[in-house]
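Here is the naming used below: chain letters follow the sequence lines, and residue numbers restart at 1 for every chain. Everything numeric here is computed off the predicted structure, so don't read it as measured data.
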2 protein chains.
Amino acid sequence: MSPQRPYHHGDLRRAVLSAALDVIAAEGPSAVSLRDLARRAGVSHAAPAHHFKDRTGLLTAIAAEGYAMLATALDEAKDLRDAGVRYVRFAREHPAHFQVMFAPELLRENDLELTTARALAGKHLRDAVAAVPSSGRGPDARLAGVAAWSLAHGFATLLLSHNLEGPMGDRDPEEVFRTLTGMLFARTSGSD
Amino acid sequence: MSPQRPYHHGDLRRAVLSAALDVIAAEGPSAVSLRDLARRAGVSHAAPAHHFKDRTGLLTAIAAEGYAMLATALDEAKDLRDAGVRYVRFAREHPAHFQVMFAPELLRENDLELTTARALAGKHLRDAVAAVPSSGRGPDARLAGVAAWSLAHGFATLLLSHNLEGPMGDRDPEEVFRTLTGMLFARTSGSD
DNA sequence: CGGGCAATCTAGTCACTGTCAAGTTCCTGG
DNA sequence: CCAGGAACTTGACAGTGACTAGATTGCCCG
């Protein structure tokens, strides 16, 4: 099929995105080159620019997509612990998205699609925090959210940068994280 | 003096490092260019390569320096909480180092200076965890370390990526972090 | 059925980058 | 005083992102 490569690629946008995700997961965001992605997709060197305008535009699109996926994942969480587990799982299953999402200097921060997706993900995260009975709306509600987010985010980040392979051995990361939340939040639920 | 720029710069290595740190703090590691650093230092475009060989070599040197500084900071910590506070403080005071330290794809991982500095920092971190009375050496000692590290690292990372400015307002980050550790570790010290 | 139009892609250019190889200047040790 | 090496310069090459003008294609509307 594809006689001898038709003039129109078909779905170049998706192809470039997916190739970019591969490269980022393997060698980090700084290794993505529009020309290289074009080569992989079998199109001319400037074709990707028509879909993303910029290198920054491409990365911004990836980040926005990531926040959208994270938002739906968090939306289905039963409680705060489940949200944390889903956060970590998301980072493991979509490492490329995760990396780009938290590299603000690579993104066009005023991009509409990005900001709305991020806001939605943030809302679902706050909802999960608010759903914890005790910390419903104390003055520390925000701080509890920061604590939970820090724990999950730090764990996910250290995981992706291969810093937990020593201490964790070959245990399942999700299980380890679940244990961690148990250790930390066990008795804090009814603190005051 | 310095007639009209002597042939030898004097301390080009330090000058390039410091310029690189400025750029990284302002625009991230992907914005550093050896040629730009050379221009800032007022030397020819290839001079920096003599001290660092590579772009990767430069970043590796920065990471190693960062781990060394972090190691001394952690070494002076009184207890685990203090170590966490120092970890966060280090990230705030040396954001450029911190970013590069945890971007493995930008570094020469087999560099001797880097690996030894990192090992030393890791040792001091484990020491701080082991110094907690209860979790001296239970089977969960490692997990406690992972929990503490995740919390501090996540907090520091979110701080540097400007994700905590909303929830924290203009409170002092170190104070907030101290509160967090109080919330989480308050009653876990004598768990079993 | 077919003209035209917009989306898509090609091809060429420019300024910039990292890296290499070969020179030049300076300092130091013998 | 003068070899030799370290610090730096100069020049060149391939690869990059961004931009432009132009070619090709599919498709809508008459």
Side-chain angles (χ1 to χ4, degrees), chain A residues 1-24 26-63 100 103 105-111, chain B residues 1-24 26-63 100 103 105-108 111:
Chain A
M1 51 218 69
S2 82
Q4 65 267 25
R5 173 140 60 81
Y7 193 88
H8 283 58
H9 177 281
D11 196 356
L12 181 59
R13 184 185 160 91
R14 194 66 245 168
V16 168
L17 275 176
S18 136
L21 292 174
D22 288 348
V23 174
I24 296 174
E27 311 173 59
S30 51
V32 305
S33 128
L34 291 184
R35 287 176 117 97
D36 180 45
L37 300 180
R39 266 190 298 266
R40 290 171 187 244
V43 295
S44 88
H45 62 159
H50 282 273
H51 293 271
F52 303 102
K53 163 161 184 157
D54 248 350
R55 206 184 97 103
T56 303
L58 167 64
L59 295 176
T60 301
I62 290 178
V100 175
E105 69 276 3
L106 300 179
L107 308 178
R108 202 163 346 256
E109 284 294 333
N110 51 0
D111 180 88
Chain B
M1 29 219 85
S2 86
Q4 65 267 27
R5 171 137 64 82
Y7 194 88
H8 284 59
H9 177 280
D11 195 358
L12 181 58
R13 183 185 160 92
R14 195 65 245 170
V16 168
L17 274 176
S18 137
L21 292 174
D22 288 350
V23 172
I24 295 174
E27 311 172 59
S30 52
V32 306
S33 128
L34 291 183
R35 285 179 117 98
D36 181 45
L37 300 180
R39 266 189 299 264
R40 290 171 187 244
V43 295
S44 87
H45 62 163
H50 248 268
H51 293 270
F52 303 102
K53 164 164 183 156
D54 250 345
R55 208 185 96 104
T56 303
L58 167 64
L59 296 176
T60 301
I62 291 178
V100 175
E105 70 275 4
L106 300 179
L107 307 178
R108 198 156 359 248
D111 180 89

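Residues forming a side-chain contact (heavy atoms from CB on, under 4.5 Å) with A:Ala38 (at least two apart in sequence, or on another chain): A:Val43, A:Pro48. Every side-chain contact (heavy atoms from CB on, under 4.5 Å) that A:Ala63 has, sequence neighbours left out, goes to A:Val100, A:Met101, A:Leu107, A:Leu114. In this structure, B:Arg39 has no side chain to side chain donor-acceptor pair (under 3.5 Å) partners at least two apart in sequence or on a different chain.
Contact check for B:Val32 versus B:Ile24: side-chain heavy atoms found under the 4.5 Å cut-off. Contact annotation: the side chain of A:His51 never approaches that of A:Val16 to less than 4.5 Å [non-hydrogen atoms, C-beta and beyond]. Using a 4.5 Å heavy-atom threshold, the side chains of B:Leu37 and B:Leu58 count as touching. Taking 4.5 Å as the limit, every side-chain heavy atom of B:Glu105 sits out of range of all side-chain heavy atoms of A:Glu27.
For DNA chain D, the neighbouring residues in residues 52-63 of chain A, judged by any heavy atom under 4.0 Å, are A:Asp54, A:Arg55. Near DNA chain C, defined here as any heavy-atom distance below 4.0 Å, the residues from residues 29-40 of chain A are A:Arg35, listed numerically.
One finds no side-chain N or O of A:His45 lying less than 4.0 angstrom from the OP1 or OP2 phosphate oxygen of D:dA18.
Applying the salt bridge (charged side-chain N to carboxylate O under 4.0 Å, His left out) test to residues at least two apart or on different chains, the pairs with a partner in residues 40-55 of chain A are A:Asp36-A:Arg40, A:Asp54-A:Arg108.
What separates NE2 of A:His51 from C1' of C:dT8 is a distance of 7 Å, to the nearest Å. Rounded to an integer number of Å, the gap from NE2 of A:His50 to C1' of C:dA6 is 13 Å. Whole-Å rounding puts the A:Glu27 CD to D:dT16 P distance at 12 Å. Spacing between atom CG of A:Leu106 and atom P of D:dG17 amounts to 13 Å, rounded to whole angstrom units.
Across all strands shown, A:Ala49 has no heavy atoms under 4.0 Å from either base or sugar-phosphate atoms.
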